[in-house]
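Worth saying up front: this structure is predicted, and the values here are computed from it rather than measured. The basis for the numbers below is simple: all heavy atoms, side chains too, and nothing from hydrogens, waters or symmetry mates. Proteins get letters first, then strands, A, B, ... in listed order; numbering begins at 1 in each.
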Amino acid sequence: MDIFNKPITFTKRKSPLPPDMRPIWRVSIIVLLLSLFGRAGKASEIKLHFLIYAIRNKNKWDTLKKVILENELPFDLIIRFDPNVNRALIYSQAEGLLKYDNTKNIALTDKGHEFSKLILDDESLFSDEKAFLKNFKKNDFTDKIIESIMKLDYVSR
Amino acid sequence: MIINRIVIKTHTFNGLYGANIKLNSGLNIIRAENTSGKSTIMQAILFALGLEGTLGPSRKLPLKSALTKELKDEDGNTIRVSNTDIFLEIEHNNKRITVKRSAHEDNNHLITVWNAHTFSDNSSDRDSSDYYVRLPGSATMEKGFHSFFADFLNLKLPLVIKYDGGKSPLYLEALFSLYNVEQTRGWGSIQNTLPTYLGIKDVGSKAIEYVLDLDSFEIHSKRQDINEIIREVEKKWGEYFTTLTSLAIEAGGQLSSVPDKPHSELDGLTLSVIIILDHENRQKTILEEINTLRDELNTLQQKDIPTINQASEQIQNELNERLAEISKLDILATTAQEDSINISNYITSISQRISSLNEDRRKYKDVKRLIDLGSKNSMVTQDDICPTCHQALTGSLIEGENIDDIYDVNENIQFIESQINMFKNILQGEKVRHEKAITNIFKINNRLNSSRDYVRSLKSSLISDGRIPSKAAIKKELELESEIEKLEYITEEFSLNINKLEHLSKEYEKVISAKKALPRSHLSALDHQKISELKKLFSGYLSRFEYKSESPDKFEISDQTYKPTIDGVELGFNSSASDNIRMIWAYLYALLSLSQSGKYKTNHIGLLMLDEPRQQEAKELSFKEFINVTSESNNYGQQVIMATSEDYTKLADYCENIEVNLVHFEEDVMIIAPLTGIN
């Protein structure tokens, strides 16, 4: 057998990428979440992390509903600080869609608001996400509530 | 029967009124004006005898109001009536009685009878008996007046058939259609007033038959009875036949040579009449079949049934084979089960993969749209350009990824879709495999179950008593025994019923010969003679009464209706009114006089009551002749009572030199007048 003398070639194939790793997806979802659940488009970073984490995975949606709406213990909701979210935030900031204000909150800019409008108006966009988010009000994601969830504690309002 | 006296006692608030008329045997003529209550006497006689039913179905008393409500005295005054009692002195065969009936509405169902003529004979015998009348049973019960009266007249009222199929006595009311002719309706034809309301079949001809004492009455009666018996026999025969048929069917065979209708020669019917087809389709009698089965049973009982001991080695071998098979099957079953679970799990994971791929595709569609929007929003991120330094971005948020290494959006979508397709196909295949696995498990389990069952029965055979015979052989014996028992029972029942049938056939034979013995014509020889004599008398009288419409010789007496006919037709229309009346005179008197010669016996009571026989039609001459003829009844102890308003002078003239009791009420004299000298 002469396989060792023959040249071995490698062909680089491209790899697929999960969609929510596409920058534009995260940027857009950030803008959407800020407009829906920020107070006048403003929210803390923690809140944002939390919301993005929650929205990314459909499997977690039921649990979130139960925790927020039915006051179940949030055992399953273990929130990680996702570095990809940070990078997305940088892009968003670079695009001029949002900015950090003094209190370390993130706020939508006018450009950001416009973009959010475009997203909201397009019914086909984020249709499942939008339907899911309709279950919640801004009050459901106060800092206090998010804090108790992080502590794996009952949601305290 | 002779009515010797009629006494009417009408109690009024002005004293006792009424009439007291002596009558004789032979001809009696009561002559009175129409207005003076002439018909009262005739009605009173009928009433006293409880025979108002002969006039019609009405329950009203046939008495004039003069006897019941108020009467007019000779001065024309109206006098109120409280009650009327009517007495009749009657004689028959030297027996004398007096009957009394009250017209009072509370009392008129009562007739009192004395055993003597209480007015004529001054007898001290005041013993009386009470009878009821015009109530059910008065002709049949001992205390009924008509029952008593028929007895008195030596009449035995026969039973006749009604239209509704029932039977009833031939009531006196029916017979009186020949003894009494009522003024208003009686002269339309012979027997113009018949009590048809009694529902008696052919009541008119039955009455004449009886009065003439024709044998045909008996013959008719007998024929009716015979027919009834025949009907009964036919019915019973049918029942027995049905029973026999059922028994034959139960035995698994059929009847042969048993007639389904009554038959007179039925001797010697045996059990050969049930034919059974055995399993080789041969014909057998039931006894032969029983014998065959008996033989089979005997053979079976003598042979030994194979015991388990004899079969045990074979059973052991079979058992070992089966147990080995079961082991193999057990392993197969377990493997099949694992297979199935694995496939199931795989299917689940593939389904999840597909689901997540779908989600990715959805999100990518959003990404595509977002790229569009981003451009519209003057953004560059979506084009994988850094918004700050405008250098190419990797296109991924994941650190270290090179843009060349990643599919672009469209490629990625394509990739996802091909992944989805691939997994869908795999899923399809896995589902089919899964179904096969399930079926396989099912099959193996079934085989396991049946093998286990068989092993159980083999084991139980091995451990039970070796002397026990096999089930199948026992069953066969029991079946044979039961079949034999059944056939024997059927044989017994069959014999019983065949016996009954044989008896019935003898009965049938008897009744058929009785029927044959009946005279063909319902009239006996004697009957023919009587009728012929009746015809002679009738024609004779017709001539004497100067009947003109037809020649009297042309008349025949119908042997169906016993009434006069010409060419089989009863006349009524063709004769003139007066000739009609003559016909009635002639016929009724011919009936009365038939027994006068002594040659023929009849049941006629010897009484004829005619109210206004002259009517307004007959010529005077023939009335005279009628009086002449009827007066002859005196010579034979018979009685004719006529009530007429004929002119007295003429009447007196007709009655000259004739034996007649002429009771004359002068003009303006009421028949119902103040009574004197009555106790």
What option among [options] has the most heavy-atom pairs under 4.5 Å with chain A?
{"options": "B/Lys376, B/Arg369, B/Arg362, B/Lys365", "result": "B/Arg362"}
{"options": "B/Ile371, B/Thr388, B/Val380", "result": "B/Val380"}
{"options": "B/Ile413, B/Leu373, B/Asp383, B/Ile416", "result": "B/Leu373"}

> Is the number of heavy atoms from other residues, nucleotides or ligands within 6.0 Å of OH (B/Tyr489) greater than 12?
Replying inline: no
>> Could you check whether atom NZ of A/Lys65 has more than 12 heavy atoms from other residues, nucleotides or ligands sitting under 6.0 Å from it?
In response: no
>> Would you say that B/Asn412 contacts B/Val409 through its side chain, given a criterion of any heavy-atom pair below 4.5 Å between the two side chains?
In response: no
> Hey, what's the ring geometry for A/Phe132 with A/Trp61, parallel, tilted or perpendicular (30° and 60° as the breaks)?
Replying inline: parallel
Side chain, backbone, both or neither of [X] within contact of chain A (heavy atoms, under 4.5 Å):
{"X": "B/Gln419", "answer": "neither"}
{"X": "B/Asp366", "answer": "both"}
{"X": "B/Arg361", "answer": "neither"}
{"X": "B/Ser356", "answer": "neither"}
{"X": "B/Gln382", "answer": "both"}
{"X": "B/Asp408", "answer": "backbone"}
{"X": "B/Tyr364", "answer": "both"}

>> Heavy-atom pairs under 4.5 Å with chain B - which of A/Tyr91, A/Phe115, A/Trp25 has more of them than the others?
In response: A/Phe115
Between [Y] and [X], does any NZ, NE, NH1 or NH2 come within less than 4.0 Å of an OD or OE carboxylate oxygen?
{"X": "B/Asp360", "Y": "B/Lys363", "answer": "no"}
{"X": "B/Arg322", "Y": "B/Glu325", "answer": "yes"}
{"X": "A/Asp122", "Y": "A/Lys130", "answer": "no"}

